[in-house]
Asker: 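Before we start, here is the structure in question, set down as structure tokens.
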Amino acid sequence: MLEVREVSKMYENQRGVRHMDFSMSRGEIVGFLGPNGAGKTTTMRMITGYLNPTKGKILVDGLSMAEHPKKARRKIGYLPETPPLYPEMSVGAYLKFVADLRDIPIREQRIRIGEAVEKLGLKGREKQIIKGLSKGYRQRLGLAQAILHQPDLLILDEPTSGLDPKQIIEIRQLIKELGEKHTVLLSTHILPEVNTLCNRVLIINQGQIVLDGNPEELGGQMESKFQVSLEIRGEREHILRELALLPQVEAVKIREPSAPGQEASSETSSLLVSARDRTDIREAIFFRMAERGLPILEMKRENLSLEDIFLQLTSQDPSVVIREDGAVPQTAEPAENRSDEDKAEEETEAGEGGDSRA
Ligand SMILES: Nc1ncnc2c1ncn2[C@@H]1O[C@H](COP(=O)(O)OP(=O)(O)OP(=O)(O)O)[C@@H](O)[C@H]1O
């Protein structure tokens, strides 16, 4: 559905986006995460044809954005961070205006507007003036204009930013529904939003993708060691001795008391066990404890949360790049180590390209 091939964008000697390379298949809902200034908006503006890449290529359903901008843009619905609304217009008049702008045939306009109004919960508000709408309803209208021409691909730039908690839940639900028929790329700062909505996450930092994968599987991929939390009944010394005898176990941390105000129990121990590597050690622990008559009351694999991963990747220069295809760690080059060739390439890029159709 979307191919972003080696795309870079330079802003007057400052790099906005660097060698961005990813593709999206039909039906995916991809979360685009990154700290402020990482390059999310720049990338989205290039995908939607509002900004020309300095280098690289963007294909929407096989159509090159550079060669066939009009056709390619017809396949995209875009909700910028601030929805492009006209405050003096009514909801209905605005959607009619957008329908004209998108060349939707007159005979189809009523049906399309009706569908969008229905889908986005705007029914009964067609005559309302936009400046009187709440932020949540403006966002709904922004989404309605984005889907009016029935695009295959939706690009949503921070669609829930600035909304109150109730509006956030409503807009997320709408995005989830839109995701059943559209391929969606959405940028956000809110990590749980990615877990709730997306089947894939792209984390970018300093203009580069530093991680690409399934939000639920990332924790396991990122960890260098397998970790298990355990609650075991029995004499503490005995348990620790038995765990230490397992060759796969590297470290055991005592985690008591398990809840504030709860006394450490002499009967049970809460522990965090780390393996020597990424091997699953749960079976080995289970059989050893069973053999020694030390019942396991609870055993759970500990994963890094998306928040841990995000902080790990964005709080300093990324040193590890993990791709969806096999979690192969590569070293990302710190800026000072870039080759002269790379620097020369950047200088050349700085002289090319520019904004278009802004
Ligand atoms: N028009 C511009 N001129 C010059 N530099 C720009 C311009 N737009 C963006 N940049 C720079 O490009 C980099 C990426 O900015 P971008 O707005 O794409 O980040 P973002 O990830 O969307 O950030 P945020 O989460 O704050 O919206 C930043 O360093 C920014 O300062």
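FYI, side chains are in, hydrogens and waters are out, and symmetry mates aren't considered; it's all heavy atoms of this structure. Note that this is a predicted model, so its numbers are computed, not measured. Both ligands and their constituent atoms are indexed starting at 1 by order of listing.
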Asker: Within the 4.0 Å heavy-atom shell around T42, which atoms of ligand 1 are there?
Answerer: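 Checking each atom against T42, I get 14 (C), 15 (O), 16 (P), 18 (O).
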Asker: When only distance counts, is G16 in polar contact with ligand 1, meaning an N/O pair under 3.5 Å?
Answerer: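 For ligand 1, there is no N or O atom that lies under 3.5 Å from one belonging to G16.
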Asker: If you count the atoms of ligand 1 from 1 in the order shown, which ones are under 4.0 Å from a heavy atom of T41?
Answerer: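 Ligand 1 atoms under the 4.0 Å threshold to T41: 17 (O), 18 (O), 20 (P), 22 (O), 27 (O).
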Asker: Which atoms of ligand 1 sit under 4.0 Å from any heavy atom of E158?
Answerer: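 This gives 25 (O) as the contact atoms.
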Asker: State, yes or no, whether a side-chain contact exists between L156 and L185 at a heavy-atom distance under 4.5 Å.
Answerer: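 L156 does not reach L185 side chain to side chain.
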Asker: Is any side-chain heavy atom of V228 closer than 4.5 Å to one of E302?
Answerer: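 No; the side chains remain at least 4.5 Å from each other.
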Asker: Output a table of donor-acceptor pairs, distance under 3.5 Å, between side-chain atoms of residues 92-105 and any protein atom two or more places apart or on a different chain; print 'none' if there are none.
Answerer:
{"from": "Y94", "atom 1": "OH", "to": "P84", "atom 2": "O", "distance (Å)": "2.8"}
{"from": "K96", "atom 1": "NZ", "to": "D100", "atom 2": "OD1", "distance (Å)": "3.0"}
{"from": "K96", "atom 1": "NZ", "to": "D100", "atom 2": "OD2", "distance (Å)": "3.2"}
{"from": "K96", "atom 1": "NZ", "to": "Q109", "atom 2": "OE1", "distance (Å)": "2.9"}
{"from": "D100", "atom 1": "OD1", "to": "Q109", "atom 2": "NE2", "distance (Å)": "2.8"}
{"from": "R102", "atom 1": "NH1", "to": "Q145", "atom 2": "O", "distance (Å)": "2.6"}
{"from": "R102", "atom 1": "NH1", "to": "H149", "atom 2": "ND1", "distance (Å)": "3.1"}
{"from": "R102", "atom 1": "NH2", "to": "Q145", "atom 2": "OE1", "distance (Å)": "2.7"}

Asker: For ligand 1, which atoms, with element, lie under 4.0 Å from some heavy atom of N36?
Answerer: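 Within the 4.0 Å cut-off of N36, ligand 1 contributes 23 (O), 24 (P), 25 (O), 26 (O).
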Asker: Just by distance, no angles: are the side chains of Q227 and S274 close enough, under 3.5 Å, to form a donor-acceptor pair?
Answerer: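 Their side chains do contain a donor-acceptor pair, which is all the 3.5 Å distance test asks for.
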Asker: Which atoms of ligand 1 have any heavy atom of A38 under 4.0 Å away?
Answerer: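 Selected atoms, number and element: 19 (O), 20 (P), 21 (O).
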Asker: Check whether any heavy atom of G34 sits under 4.0 Å from an atom of ligand 1.
Answerer: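 The answer is no, since G34 has no heavy atom less than 4.0 Å from ligand 1.
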Asker: So, do V30 and L186 sit near enough that their side-chain heavy atoms are less than 4.5 Å apart?
Answerer: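 No; the side chains remain at least 4.5 Å from each other.
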Asker: Going by distance only, is there an N or O of K40 that falls short of 3.5 Å from an N or O of ligand 1?
Answerer: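 Yes, there is a polar N/O contact under 3.5 Å.
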Asker: Is there a side-chain contact between Y11 and L51, using heavy atoms and a 4.5 Å cut-off?
Answerer: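 When only atoms from C-beta onward are counted, L51 and Y11 do touch, with a gap below 4.5 Å.
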